[in-house]
K.L.:
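A single structure is presented below for examination.
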Amino acid sequence: MITLRRLTSADWNTARDLSVAENQREFVGTLDEILAAAEPSHHFHVIERDNEPVGFFNIDTGYGQWFEMAEPGELGLRSFLIDQRFQGQGLGKLTSQALAPYLRQHYSEYPAIVLTVNFRNPGAYHLYQLAGFKDGGDVYYGGAAGPQHVMRLRLNS
Ligand SMILES: CC(C)(COP(=O)(O)OP(=O)(O)OC[C@H]1O[C@@H](n2cnc3c(N)ncnc32)[C@H](O)[C@@H]1OP(=O)(O)O)[C@@H](O)C(=O)NCCC(=O)NCCS
């Protein structure tokens, strides 16, 4: 069974062993980099299968404040990954199905969650569509890895 759980600073180390393949690093970086760049607005989460960590994501409650592709007050979904040892087993898909209900339960005061996904990452784009994210056609040109689709999931409408 897949569960989504918030990491506290006390158990960040749970996530440190998670990684993606080298050619996927341009999309999310490493866990060491993500944890080192932690801000108070970052809510780190671990994805677990039967209590074993298999993936990670960051819900950024300050996203709408920092990034022009989101409206003030909107959440950001960042650093979503399934560890390379567990990819291709349907875990990303199971997580995508669990994500919207989880967010509507725990972040119901937020109107929407926004993400960017690289044009060269169709697998992740497909998963986000399965999770209910909609592509409104906006493109984000920031970041080092090239243009990204901007996708949004409404949480309270
Ligand atoms: C993207 C990622 C989370 C997918 O996780 P996963 O557990 O391997 O995915 P699943 O096994 O559940 O497969 C998910 C779906 O993607 C599809 N898929 C995989 N590669 C695809 C591609 N190139 N184009 C379209 N769909 C693709 C699969 O076919 C499957 O859909 P289906 O069952 O409807 O056919 C994982 O590859 C990953 O962590 N990548 C590196 C980090 C990353 O890029 N994160 C996104 C940042 S925006």
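Start at 1 and go down the list; that is how both ligands and their atoms are numbered.
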K.L.:
For atom 17 (C) of ligand 1, which of the options His126, Gln24, Gln148 provides the nearest non-hydrogen atom?
P.N.:
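Residue with the shortest heavy-atom distance to the ligand atom: His126.
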K.L.:
Are the side chains of Arg5 and Glu48 in touch, meaning some heavy atoms are under 4.5 Å apart?
P.N.:
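Counting from C-beta outward, Arg5 and Glu48 do come under 4.5 Å.
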K.L.:
Hey, mind stepping through Ile59 and Phe44 against side chain to side chain contact (heavy atoms under 4.5 Å, CB included) and telling me if it holds?
P.N.:
CA-CA 6 Å; Ile59 303 295; Phe44 295 143; over 6 Å; no
K.L.:
Is at least one protein non-hydrogen atom found at under 4.0 angstrom from atom 29 (O) of ligand 1?
P.N.:
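Not a single protein heavy atom is under 4.0 Å away.
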K.L.:
Ring centres under 6.0 Å, that's the criterion: do Tyr107 and His43 meet it?
P.N.:
yes
K.L.:
Verify side chain to side chain contact (heavy atoms under 4.5 Å, CB included) between Asp17 and Asp83, making sure each step is shown before the conclusion.
P.N.:
CA-CA 9 Å; Asp17 288 341; Asp83 179 276; over 6 Å; no
K.L.:
Give the atoms of ligand 1, by number and element, whose distance to some non-hydrogen atom of Lys93 is under 4.0 Å.
P.N.:
12 (O), 32 (P), 33 (O), 34 (O)
K.L.:
Could you report the tightest heavy-atom contact between Phe86 and Pro53, atom names first, then the distance?
P.N.:
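The pair with the smallest heavy-atom distance is CE1-O, 3.8 Å.
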K.L.:
Please classify the Ile82 to ligand 1 contact at 4.0 Å (heavy-atom distances, strictly less than): side chain, backbone, both or neither.
P.N.:
both
K.L.:
With the threshold set at under 4.0 angstrom, would you say Tyr128 reaches ligand 1 through any of its heavy atoms?
P.N.:
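It does; at least one heavy atom falls under 4.0 Å.
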K.L.:
Closest non-hydrogen protein atom to atom 7 (O) of ligand 1, residue and atom name please, with distance?
P.N.:
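The protein heavy atom lying closest is Gly92 N, 2.8 Å.
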K.L.:
Atoms of ligand 1 less than 4.0 Å from Thr116 heavy atoms?
P.N.:
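The list of qualifying atoms is 48 (S).
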K.L.:
I'd like to check which ligand 1 atoms, numbered from 1 as shown, lie under 4.0 Å from a non-hydrogen atom of Gly88.
P.N.:
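Those of ligand 1 that fall under 4.0 Å from Gly88 are 6 (P), 7 (O), 8 (O), 11 (O).
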K.L.:
Has Asp83 got any heavy atom lying under 4.0 angstrom from an atom of ligand 1?
P.N.:
no
K.L.:
Taking side-chain contact (heavy atoms from CB on, under 4.5 Å) as the definition, give me every residue that meets it alongside Val20, ordered by chain and number, with sequence neighbours left out.
P.N.:
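Only Gln24, Arg25, Val28, Leu81, Gln87 meet the side-chain contact (heavy atoms from CB on, under 4.5 Å) criterion with Val20.
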K.L.:
For ligand 1, which atoms, with element, lie under 4.0 Å from some heavy atom of Leu91?
P.N.:
7 (O), 12 (O)
K.L.:
Determine whether any protein heavy atom is located less than 4.0 Å from atom 38 (C) of ligand 1.
P.N.:
yes
K.L.:
Please write down residue, atom name and distance for the protein heavy atom closest to atom 23 (N) of ligand 1.
P.N.:
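Atom 23 (N) of ligand 1 sits closest to the protein heavy atom Pro122 CG, 3.5 Å.
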K.L.:
Based purely on interatomic distance, does Val20 place a nitrogen or oxygen under 3.5 Å from a nitrogen or oxygen of ligand 1?
P.N.:
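No; every N/O pair is 3.5 Å or more apart.
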K.L.:
In terms of atom number and element, which parts of ligand 1 are under 4.0 angstrom from non-hydrogen atoms of Gly90?
P.N.:
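Per the distance check, 10 (P), 11 (O), 12 (O).
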K.L.:
Taking side chain as C-beta onward, heavy atoms only, is Gln65 less than 4.5 Å from Pro72?
P.N.:
no
K.L.:
Does Gln97 have any side-chain contact (heavy atoms from CB on, under 4.5 Å) partners at least two apart in sequence or in another chain, and if so, which?
P.N.:
Lys93, Leu94
K.L.:
Minimum heavy-atom separation for Ala131 and Ala100, please, with both atom names.
P.N.:
O-CB, 4.0 Å
K.L.:
Output, in order, the C-alpha distance, side-chain angles, deciding distance and verdict of side chain to side chain contact (heavy atoms under 4.5 Å, CB included) for Tyr128 and Val117.
P.N.:
CA-CA 9 Å; Tyr128 294 138; Val117 54; 3.9 Å; yes
K.L.:
For the residue pair His45 and Tyr102, does the interplanar ring angle fall in the parallel (under 30°), tilted (30 to 60°) or perpendicular (over 60°) class?
P.N.:
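Answer is perpendicular, since the angle exceeds 60°.
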K.L.:
Going by distance only, is there an N or O of Leu81 that falls short of 3.5 Å from an N or O of ligand 1?
P.N.:
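No, no N or O pair falls under 3.5 Å.
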K.L.:
How far is atom 27 (C) of ligand 1 from the closest protein heavy atom, and which atom is that?
P.N.:
Gly123 CA, 3.6 Å
K.L.:
Considering distance alone, does some N or O of Ala124 sit under 3.5 Å from an N or O of ligand 1?
P.N.:
no
K.L.:
Any idea which of Phe86, Phe27, Phe80 brings a heavy atom closest to atom 3 (C) of ligand 1?
P.N.:
Phe80
K.L.:
Using atom types as modelled and distance alone, determine if a side-chain donor or acceptor of Arg104 lies under 3.5 Å from a backbone N or O of Arg154.
P.N.:
yes
K.L.:
Tell me the protein heavy atom at minimum distance from atom 14 (C) of ligand 1, and give that distance in Å.
P.N.:
Leu127 CD2, 3.5 Å
K.L.:
Hey, is atom 20 (N) of ligand 1 touched by any protein heavy atom at less than 4.0 Å?
P.N.:
yes
K.L.:
Is the shortest side-chain N to carboxylate O distance from Arg6 to Asp11 below 4.0 Å?
P.N.:
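The answer is no: the pair does not qualify as a salt bridge.
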K.L.:
Quick one: does Asn121 get an N or O within less than 3.5 Å of an N or O on ligand 1?
P.N.:
yes
